[in-house]
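Since the structure is predicted, the reported quantities are computational estimates derived from the model, not experimental observations. Numbers for residues simply follow the sequence, beginning at 1.
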Amino acid sequence: MKKILIIVQLLISIASFGQGFLHRDGQKIVDGNGKNIILRGLGLGGWMVQEGYMLQTQPFASPQYVIKQKIQDVIGEQGTKEFYAAYKANGITKRDVDSLAKWGFNSIRLPMHYNLYTPPIEQEKNGEITWTEEGFTMTDNLLKWCEANKIYLILDLHAAPGGQGNDVAISDYDTTKPSLWQSEANQKKMIALWKKLASRYRDSQWIGAYDIINEPNWNFTGSNKNGCDENSNGPLRDLMVAVTKAIREVDTNHLIFIEGNCWGNNYNGIFPLWDDNMALSFHKYWSYNTKESIQKMLDYRHQYNVPIWLGESGENSNVWFKDVLTLVESNNIGWAFWPMKKIENIAGVTSVTKIPEYDILLKYWKDGGEKPSADFSKKALMKMADNYKMENVTVKPDVIDAMFRQVQTNDTKAYKKHLIPGKIAATHYDLGTNGYAYSDMDFVNYRSETNKFEDWNKGNTMRNDGVDILPCKDAGSNGYQVSFIDDGEWLQFTAQVKKQGKYNVAIRYSSENLEGKLYLQTADGTKSKTIILPVTGGNEKWKTITLSDVELNAGENKIKAVFEKGGFNLNYLDFSDNKKGNSKK
């Protein structure tokens, strides 16, 4: 009888794979037809688990429970419930998932907060485990939208019961209460939650995997509080084994991702693996994008014949994005970037607009002083919640281009359609990477133990390339200007020229105390004369100077604005037909 049950389970499992379940095939992740799958995903950070840096409340309110306290302080308990209902309803909708599919993503990583699915242990009676429907409903809806777009949904327990790390904002860890590692009740709740999720979703082929614990960072025996010097990681392994056992009691279909200590990367003591349908996740931020930077994970893949997955990455420049994705995809490694929505953000695929009233709340929460009225505060917060709707965010085409098209080619592409004669905003230079679409001295942030953080965009505005952009108040601007221009840097613009001939170019610029020099160059090497840009006497004092007789061919032109001498700000280039020059032909 036992043999029959095993054979039946095996046949069910094989049939399930045939329907499209992702699973492990040696060192590869494949679909139900055995096709190798590179997961290209995005993490929905901030939706179920708020982190202070995404809301600009760090460091005075980093974990979610403190953020919630700050909000409740100004709008009360009922107002807080209304805000969070709107925030979650607007944060991710079908339109968001439709957009991700359109941009090229084939998977979504859902960072879950356990308290949307089950209450904290302090609220349970007699050690029982009860359930909250809200999280399951949110997940059901998201899964439905993913199914409609043929996108895999990866469930990620981002905030485990009690909190799984000393980096408190990640898992909403309240240090006044027992952590996951200090409470058997929290661990039992985590195991039960995964069994509940697996039972609910065991038959869904668009659930891509279970990422059973995000970024544990805890010192069990070592001195590093985030577990980076742990050699055994015994409690972490034991818990992941127990969670896997509970999942497999109800679900033999789905792939399981595990993560090491030290934000997912310390696998000491985790091996040998205990399940045949498992993969290793690692996280990578700021480090150099060399093969050496991922060699340890590649070694694990080979040694244990197991797939590896870059479960979280991002928060850098477009150049870094292109390089890291080129690195992992060339090594058959899938990825999930972080995050989708963040306030005033250039490094994500979208940015949430911040209103001035929210700045007033941030200042009060940080510094104290006169308390804003409940009416003012609620209107500000509800407006911010409304700004999270997909139709209200600012989509970042340069980030999306870097993550998908630029991984495949160094070719440049027009940021938007430019016609000559006509005006071209300086910040509308081509989509592409450094050295191809533009040239800037600082274009990426590499950070390790021996180097410090460096800005790749001093303005931190509009675009995520190396080009330094600031807001612009000059008349006729698109709201932005290129600034912090160094000698030898350049921008390229792809434009459609109406007819061959000579053009005058009105250059709108400002400079406080340095004289600039600029010339234009076309793809065939033709250079204009160099024009001197005299000092205007201030960064807000704009002047126009004309560069004449710039020769352009009819059709598509790739035009470089080369800054022979920097030190000025550039608003736009306005091309007009040089009728006098062209009449000689």
Return yes if a side-chain donor-acceptor contact under 3.5 Å exists between [X] and [Y], otherwise no.
{"X": "Ser377", "Y": "Tyr364", "result": "no"}
{"X": "Asn226", "Y": "Asp167", "result": "no"}
{"X": "Glu230", "Y": "Asn268", "result": "no"}
{"X": "Thr93", "Y": "Asp96", "result": "yes"}
{"X": "Ser223", "Y": "Asp229", "result": "yes"}
{"X": "Asp398", "Y": "Asn318", "result": "yes"}
{"X": "Thr244", "Y": "Trp274", "result": "yes"}

Atom [atom1] of [X] and atom [atom2] of [Y]: how far apart are they, to the nearest 0.5 Å?
{"X": "Thr137", "Y": "Tyr117", "atom1": "OG1", "atom2": "OH", "value": "9.5 Å"}
{"X": "Ser281", "Y": "Met297", "atom1": "OG", "atom2": "CE", "value": "7.5 Å"}
{"X": "Ser373", "Y": "Lys378", "atom1": "OG", "atom2": "NZ", "value": "12.0 Å"}
{"X": "Arg40", "Y": "Asn106", "atom1": "CZ", "atom2": "CG", "value": "6.5 Å"}
{"X": "Thr130", "Y": "Lys189", "atom1": "OG1", "atom2": "NZ", "value": "5.5 Å"}
{"X": "Ile121", "Y": "Asn186", "atom1": "CD1", "atom2": "CG", "value": "4.0 Å"}

[X], [atom1]: over 12 other non-hydrogen atoms inside 6.0 angstrom:
{"X": "Glu370", "atom1": "CD", "value": "no"}
{"X": "Glu184", "atom1": "CD", "value": "no"}
{"X": "Lys354", "atom1": "NZ", "value": "yes"}
{"X": "Asp276", "atom1": "CG", "value": "no"}

Is any side-chain heavy atom of [X] closer than 4.5 Å to a side-chain heavy atom of [Y]?
{"X": "Lys379", "Y": "Glu357", "answer": "no"}
{"X": "Val328", "Y": "Trp309", "answer": "no"}
{"X": "Glu312", "Y": "His158", "answer": "yes"}
{"X": "Phe60", "Y": "Asp367", "answer": "no"}
{"X": "Met384", "Y": "Leu361", "answer": "no"}
{"X": "Ile294", "Y": "Ile308", "answer": "no"}
{"X": "Leu381", "Y": "Tyr358", "answer": "yes"}
{"X": "Ile92", "Y": "Tyr388", "answer": "no"}

Item to complete: May I have the step-by-step check of side chain to side chain contact (heavy atoms under 4.5 Å, CB included) for Trp206 and Ile151, ending in yes or no?
Response: CA-CA 7 Å; Trp206 292 109; Ile151 282 181; 5.9 Å; no
Can you see which heavy atom on [X] is nearest to which on [Y], and at what distance?
{"X": "Leu310", "Y": "Ile333", "value": "N-CG2, 3.7 Å"}
{"X": "Ala246", "Y": "Lys195", "value": "O-CG, 3.7 Å"}
{"X": "Asn331", "Y": "Arg301", "value": "O-NH1, 2.8 Å"}
{"X": "Ala347", "Y": "Asn316", "value": "CB-O, 3.5 Å"}
{"X": "Leu273", "Y": "Val306", "value": "CD1-CG2, 3.7 Å"}
{"X": "Asp156", "Y": "Pro111", "value": "OD2-CA, 3.2 Å"}

Flag, side chain of [X] to backbone of [Y], donor-acceptor distance under 3.5 Å:
{"X": "Asn445", "Y": "Trp456", "value": "no"}
{"X": "Asp465", "Y": "Arg463", "value": "no"}
{"X": "Trp320", "Y": "Ser287", "value": "yes"}
{"X": "Asn265", "Y": "His283", "value": "yes"}
{"X": "Asn261", "Y": "Trp218", "value": "yes"}
{"X": "Asp172", "Y": "Val49", "value": "no"}
{"X": "Ser351", "Y": "Ile346", "value": "no"}
{"X": "Lys94", "Y": "Lys144", "value": "no"}
{"X": "Gln50", "Y": "Gln64", "value": "no"}
{"X": "Ser313", "Y": "Lys284", "value": "yes"}

Item to complete: Please lay out, stage by stage, how Ile191 and Lys245 fare under the test side chain to side chain contact (heavy atoms under 4.5 Å, CB included).
Response: CA-CA 9 Å; Ile191 295 167; Lys245 181 175 182 294; over 6 Å; no
Discussion item. Exactly one of Phe321, Phe105, Phe337, Trp103 should register a ring-ring contact (aromatic ring centres under 6.0 Å, His included) with Phe404. Which one does?
Written reply: Phe105
Discussion item. Please determine whether a side-chain nitrogen of the Lys or Arg among Asp98 and Lys102 lies less than 4.0 Å from a carboxylate oxygen of the Asp or Glu.
Written reply: no
Worksheet entry | Verdict with supporting geometry, Leu362 and Thr57, side chain to side chain contact (heavy atoms under 4.5 Å, CB included) | CA-CA 7 Å; Leu362 291 176; Thr57 61; 3.8 Å; yes
Item to complete: Take Lys342 and Glu315 through the test salt bridge (charged side-chain N to carboxylate O under 4.0 Å, His left out) and record every step on the way to the result.
Response: CA-CA 11 Å; Lys342 196 169 70 170; Glu315 304 288 18; 2.8 Å; yes
Worksheet item: Among pairs that include at least one residue of residues 245-284, which meet disulfide (SG to SG under 2.5 Å), considering only residues two or more places apart or in two chains?
Response: Cys228-Cys262
Fill in: Verdict with reasoning, Trp194 to Ile212, per side chain to side chain contact (heavy atoms under 4.5 Å, CB included)
CA-CA 8 Å; Trp194 271 117; Ile212 59 178; 3.8 Å; yes
Worksheet item: Once the angle between the rings of His254 and Tyr210 is folded into 0 to 90°, is it parallel (under 30°), tilted (30 to 60°) or perpendicular (over 60°)?
Response: tilted
Discussion item. Check the orientation of Phe83 and Tyr87. Use parallel for under 30°, tilted for 30 to 60°, and perpendicular for over 60°.
Written reply: tilted
Worksheet item: Taking only residues at least two apart or on different chains, which pairs with a member in residues 46-75 satisfy salt bridge (Lys or Arg N to Asp or Glu O under 4.0 Å)?
Response: Asp73-Lys371
Discussion item. Is there a salt bridge (charged side-chain N to carboxylate O under 4.0 Å, His left out) between Arg200 and Glu133? Walk through the geometry before answering.
Written reply: CA-CA 12 Å; Arg200 191 181 188 100; Glu133 190 57 33; 3.2 Å; yes
